[in-house]
Amino acid sequence: MIENLVIVESPAKAKTIEKFLGKDFRVISSFGHIRDLSKKNLGIDIEKNFTPYYEIPKEKAKVVSELRKAAASAGTIWIASDEDREGEAIAWHLACVLNLDLSKTKRIVFHEITKEAIAQALDNPRQVDMNLVNAQQARRILDRLVGFEISPVLWKKVQPALSAGRVQSVAVRLIVEREREIISFKTESSFRINAVFNTDRLNGKNFLIRAEASKRFPGEKEAKEFLELCDGAEFKIAGISIKPGTRSPAPPFTTSTLQQEAYRKLGFSVAQTMAVAQKLYEAGKITYMRTDSTNLSKLALAQSRKTIISGFGEKYSRTRQFRTRSKGAQEAHEAIRPTYPNIVTIDGNQNEKKLYELIWKRTIASQMSDAEVEKTTISIEMNNSPVIFTASGEVVKFDGFLKVYTESTDLENGDEEKSIIPPVTQGMLLYYDNIAATQKYTTPPPRYTEASLVKKLEELGIGRPSTYAPTISTIQNRGYVMRQDRQGEKRPAKVLTLSRGRITSSSKTEIAGKEKSKLFPQNIGMIVNDFLNENFSEIVDYHFTAEVEEQFDEIAVGNLKWTGMLDNFYKPFHKTVENTLEKKDRRTGTRYLGNHPETGEPVSVRMGRFGPVAQIGDASDGNKPRFASLTKNLLLETITLEEALNLFRLPRTIGEYQGDEMITGIGKFGPYIRHRGKFYSMKKGVDDPYSITAERSIEIINEKNENDKKKIIKDFGDIKVLKGRYGPYLVKGNQNYRLPKGTEADKLTEDDCIKIINKNNKSKKSA
DNA sequence: CAGTGAGCGAGCTTCCGCTTGACTT
């Protein structure tokens, strides 16, 4: 018998809290929600006023039985789930499942994990707030209705196993619409003028000033004319402005900003960031990593202050509390921060160390003084043109928080060069050293990265800290979008240079459209998006979540009945579902591209059973049509007749090697050469299946065979011991097997291998 | 790891938000 049982959501939190409480307390965790709507059917009885059917999912059975056992032998039960809508629902489900009397159940919330805060919580128990619980039920049921009524429409009208939802469908929409902006973007170019001035005509002891003209010139001709003007011009400093300014630190991390910075500074994917943060949290090194709050506890503020003063001095400390600005924030947790701000570095693997350091810097910087800067701008006028040149520079007078941390931006920064401006005076004459007119192209809006998509979703109030990473995974798993690279294309950029009275012309090549790990919409994503836009515009509207959230808030304060709210939503929504099922055609994304230049047969593209496909000819003519799959980066929406016809040139025979044919093609994993039934991948960016020579192909085949030979540690015919990425492993047929820990691979006999394989097969079956 | 594109038709797929393991080519 335990006197007191406290139930929290997270086991790591349970562990810490238990330390603060005496022997009369036991703290256990529910591991999040313990019940959910039944997975079979809809899980909601719509006729009976949206009565939900809750079930304890299989994977929660063990936790629940342990909770029941603990509850049965406890004196007082305190439910300390998080202080937000979901936490309140967890408290209610716990009370239901553990057969607790709601009027007697003690509901408490911790605002920070300190002895005083916990004592204060225990002194102020309240009851479960049913209005808040009902707001959660409305949220949950609405999401189920949207997801489970629209997805089956997609199975019928587009393709099986697809999905739609309040969050994921908007995420896809953002990516598709951005892609279309990029597709329709018209690149233009103009000439930018950059000058290097001398303070002295002679090349003696002087200063250089870099400045840019306020005007850009549309074409080469205009740029050249301006340079000619510059050659005869007198340049004079017309004005100097020195402005003091301050820069302030960014607020401490939330889930979303951590994901963005970890991507920008460390190159982590959203899922990777969360996995590493989870490890740090479990080790007690940082506070909870799924939060929308920028709030820091009093303890954290005090400790940060102490750390800053002892490390950098009093001058660098400025205690601040940041207001959380994001839409729909529920602030059940603190910002993400080091548990002990005085600990600068930690033990752990490289990624853990790097992420911890980032969190430490961000937290500490947020509690430091503003930086003081001095921005100098000088304007340089010409006596024969109204064009003004400006040079600007920034000098940091006091570094403040910059001593430890600067936030990165998403923009590919580059050409804006901030230099130190030399001591000059108004009216001073300057002499050009050189003036260059460089062709600059406009760039389309950037594609989303995983992290910038999270940022956008957060701005729209769509999704929660616990779902950002899973949502990004879902839309990739469904094939709606993919993380891809693009090599980019070369394009010429003209440069005209004026130096010593002469204008020379040259051209440099730059790479445009190079992309690394960006989110690209896939054909099926675009088809589904268009279908949803056309038929369910309300659901994929960017404001839909915000609007229903307002109603959930009304339910939470008791101003709105949750069943009535659902009824208002469901009636017209369900009608739309039925109408769409009844009246709309299947959507295949078919486009007719034109006729074959030789045979005159129609050429079209569409979404086929196995993905996007190009087709020559028509089955109704009695002839058999020819088919070819679209390659990865081709879109049904933009493919041209030429590109479609090109697809039919593969696979092709390019010659013989050792008496057998070599055939090139493009498969699921890119361009390949097939020889004697084996596939050899071509090198990305080097080889091209349309133009590769027989000699080069033989080179690739030999290289791959050599490498495969090196991988073999032991060869028993059917069974082999190979060297893999994670160390040695076994192969039999097309099955891989792990070796037991501590096995010496090079001493294995065939019998040993058979034993390992049999053992592995057995344990797989029993699992 | 890499073909496919006729059709038959049963049975399956799916949401968002809270939490961690268990599992690894």
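Residue numbers start from 1 in every chain, and the chains themselves are labelled A, B, ... in the order their sequence lines are given, proteins ahead of strands. Just so it is clear, the values below take in all heavy atoms, side chains as well, and ignore hydrogens, waters and symmetry mates.
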From the list A:I666, A:I616, A:T631, side-chain contact (heavy atoms from CB on, under 4.5 Å) with A:L647 holds only for A:T631
In whole angstroms, the gap separating C1' of B:dG3 from CZ of A:F648 amounts to 16 Å
Let me know the distance between CG of A:L650 and C1' of B:dA2, rounded to the nearest Å. 13 Å
One pair to check against side chain to side chain contact (heavy atoms under 4.5 Å, CB included): A:F648 and A:R626. What are the steps and the verdict? CA-CA 9 Å; A:F648 291 90; A:R626 283 177 290 153; 4.0 Å; yes
May I have the step-by-step check of side chain to side chain contact (heavy atoms under 4.5 Å, CB included) for A:R591 and A:I639, ending in yes or no? CA-CA 9 Å; A:R591 267 181 70 220; A:I639 187 172; 3.8 Å; yes
Applying the side-chain hydrogen bond (donor to acceptor under 3.5 Å, both in side chains) test to A:E88, which of A:Q136, A:R107, A:H93 qualifies? A:R107
Cation-pi between A:R144 and A:F148: NZ/CZ under 6.0 Å from ring centre and within 45° of the ring axis? yes
B/S/- contact track for nucleotides 10-22 of chain B, protein heavy atom under 4.0 Å: ---BBBBBBBS--
Only Watson-Crick and G-U wobble pairs with both distances less than 3.5 Å should count. Give DNA chain B in dot-bracket notation, marking inter-strand partners with |. .........................
Which part of the nucleic acid, if any, lies within contact of A:G611, taking any heavy atom under 4.0 Å across all strands shown: a base, the sugar-phosphate backbone alone, or nothing? base
Using a 4.0 Å heavy-atom cut-off, does A:S29 contact any base of the nucleic acid, only the sugar-phosphate backbone, or nothing at all? nothing
Atom-pair distance (CZ on A:F627; P on B:dG3), nearest Å: 16 Å
With side chain to side chain contact (heavy atoms under 4.5 Å, CB included) as the criterion, how do A:L98 and A:I7 come out once you've worked through the C-alpha distance, each side chain's angles and the decisive distance to 0.1 Å? CA-CA 12 Å; A:L98 302 178; A:I7 304 174; 3.8 Å; yes
With a centroid cutoff of 5.5 Å and a plane-angle limit of 30°, would you call A:F610 stacked on B:dT4? yes
Would you check if the distance from the ring center of A:Y680 to the ring center of A:Y672 is below 6.0 Å? no
For A:F544, is the NZ or CZ atom of A:R166 found under 6.0 angstrom from the centre of its six-membered ring and inside 45 degrees of the ring axis? no
